[in-house]
Protein chains: 2
Amino acid sequence: MTNQLNLRIDRSSPVPLYHQVVQGIEAAIHTGLLEPGSRLENEIDLAAQLNLSRPTMRKAMDELVRSGLLVRKRGVGTQVVSSQVRRPLELSSLYDDLSNNGSKPTTDVLSFSHEEADAVTRTALHLPAGAKVYHFTRLRKVGGKPLALMENWVRDDITAIDEASLGSQGLYAILRNGGVNFRLASQRIGAMIANDYQAPLLETTPGSALVTMERTAVDDTGRNVETGHHVYRADSYSFEMTLVQR
Amino acid sequence: MTNQLNLRIDRSSPVPLYHQVVQGIEAAIHTGLLEPGSRLENEIDLAAQLNLSRPTMRKAMDELVRSGLLVRKRGVGTQVVSSQVRRPLELSSLYDDLSNNGSKPTTDVLSFSHEEADAVTRTALHLPAGAKVYHFTRLRKVGGKPLALMENWVRDDITAIDEASLGSQGLYAILRNGGVNFRLASQRIGAMIANDYQAPLLETTPGSALVTMERTAVDDTGRNVETGHHVYRADSYSFEMTLVQR
DNA sequence: TATGTTCGCTTGATAGGACATACTGCCTTT
DNA sequence: AAAGGCAGTATGTCCTATCAAGCGAACATA
């Protein structure tokens, strides 16, 4: 029961202490040092062992509880729930997800324009009449196989976007480099049947199943930066997530 | 700039102070008293006005930041991001969602059995060989129109389930009444084409688009309580969510 | 033996203080 | 006039303390 969980806390590091603890426990869980179902020592002892105060220890455990790795019960203790928590859906882009996954995504820019926003786009991005946006369509492939067809509209008063950069990196990377700090996004996931336009591009047949995703992203100044409509081949892509009860 | 936000804190209430603050600010945002983009007073002043300590005030604001309603910037202040944060996907069941929405869902139990779990189910629920589970299929309708076809497997060592109760209430309500405290669930959302079995039940045609959802739910003791495979008519249902960048 | 009560352990909530760090705008300097 | 530095302000991190509340097991009682 006495888990040593050999953590080391570096007080000279710029990384906050509570975050070092979070990373340490996460690592212990993922390496199997802490098995699912096992109980941790109590907060006070753990804090004492690491020479931390109890609030700091608690803050670390709070994060782990939030992310679903730990469960606390008053009067009982804290135990590991699962090592299988996926936490995508944190405003990552498809490009990043694929890159982190070891795949090598490529992007074909099918269309690109800098045009006046239509009514729907103006509503989605909270733009006044006459405002212009970047509008483009991209086809993303992995290993030469098409995976997603993406149409996006982006405000033009943030950073310049050109066709070449869209072909070499993800949209979110471009925007982040342009100084955008994303804060939240609302998205809707559904399904549709591939039409005659989508099917050949995705190298499938009309009538096959597609996963659809519509998303609008907001930055830290409250601007709706980007909105888009994506479709994915259902046989190659699905959205995985972990829900945590609070 | 001086937002009074007339909050009242009831110290005799069993509701934690920080949570009272959370509810108060949420209400102020949703009623429009605090507009998106407006700045709040600083933490220390707010705490002083409510006769709270700064940690308590911060804990309240932490929750609001987590849920995406507020954004904090060091050296600048805290401001309201949006009043349009949806927070579904918090382990609610379809039945609850529809009920809260004012609709009146009905459930047809198409099949019901108490049987030995097959290998796939045993893996999903972490059950030993020979363990039994409840296995049932339900068709959910709203306003007489079929919406979802749901197949579920539930451990039988938690609470008894019978066909009648499944017809009158949601699965999660039954399990919660049976003493289950859900903690997290992992789910996968995708798409497929309606087959000859699904189409007539959902009153659609084979070949139409369906949204698929697979979910496994875990309770606070670490047991995998339930796993299921659901399909929804794509023209009537989609998953909406708000992602928060941390 | 069975049942009810109490006590100790663990997490939950709140307080108040001290110092660190990032951002903004003003003021100085060139 | 433009660029750089500085100070003020707000949040970020971390600490010590203390009481409350839930849970379970041991103990006492019928």
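Proteins get letters first, then strands, A, B, ... in listed order; numbering begins at 1 in each.
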Residues in side-chain contact (heavy atoms from CB on, under 4.5 Å) with N177(A), at least two apart?
Q169(A)
Kindly give the heavy-atom pair with the smallest separation between W153(A) and H229(A), and that separation in Å.
CZ3-N, 4.4 Å
Who passes salt bridge (Lys or Arg N to Asp or Glu O under 4.0 Å) against D62(B), sequence neighbours left out?
R72(B)
Looking at residues at least two apart in the chain, or sitting in another chain, which of them share a side-chain contact (heavy atoms from CB on, under 4.5 Å) with S13(B)?
D10(B), V15(B), Q20(B)
Which nucleotide of DNA chain C is the first, and which the last, in the 5' to 3' direction, to come under 4.0 Å of a heavy atom belonging to chain A?
dT10(C) to dA13(C)
For K132(A), which residues count as a salt bridge (Lys or Arg N to Asp or Glu O under 4.0 Å) partner, sequence neighbours excluded?
none
In whole angstroms, the gap separating P of dT13(D) from CZ of R11(A) amounts to 15 Å
Whole-Å distance separating the CE atom of M57(A) from the P atom of dT13(D):
16 Å
R54(B): partners by salt bridge (Lys or Arg N to Asp or Glu O under 4.0 Å), with sequence neighbours left out
E43(B)
Polar atoms only, N or O, under 3.5 Å: list the protein pairs with nucleotides 9-12 of chain D and their distances.
residue	atom	partner	partner atom	Å
dA10(D)	OP2	N42(B)	ND2	3.3
dT11(D)	OP1	T78(B)	OG1	3.1
dT11(D)	OP2	E43(B)	N	2.8
dG12(D)	OP2	R58(B)	NH1	2.7
dG12(D)	OP2	R58(B)	NH2	2.9
dG12(D)	OP2	R72(B)	NE	3.2
dG12(D)	O4'	R74(B)	NE	3.3
dG12(D)	O4'	R74(B)	NH2	3.3
dG12(D)	N7	R54(B)	NH2	2.9
dG12(D)	O6	R54(B)	NH1	3.3

Could you tell me whether the phosphate oxygens of dT13(D), OP1 or OP2, come under 4.0 Å of any side-chain nitrogen or oxygen in T56(A)?
no
Just jot down the ring-ring contact (aromatic ring centres under 6.0 Å, His included) partners of H114(A), sequence neighbours excluded, or say none.
Y134(A)
For R138(B), salt bridge (Lys or Arg N to Asp or Glu O under 4.0 Å) partners two or more places apart:
none
What contact category does S53(A) fall into here, base, sugar-phosphate, or nothing, at under 4.0 angstrom with non-hydrogen atoms?
base
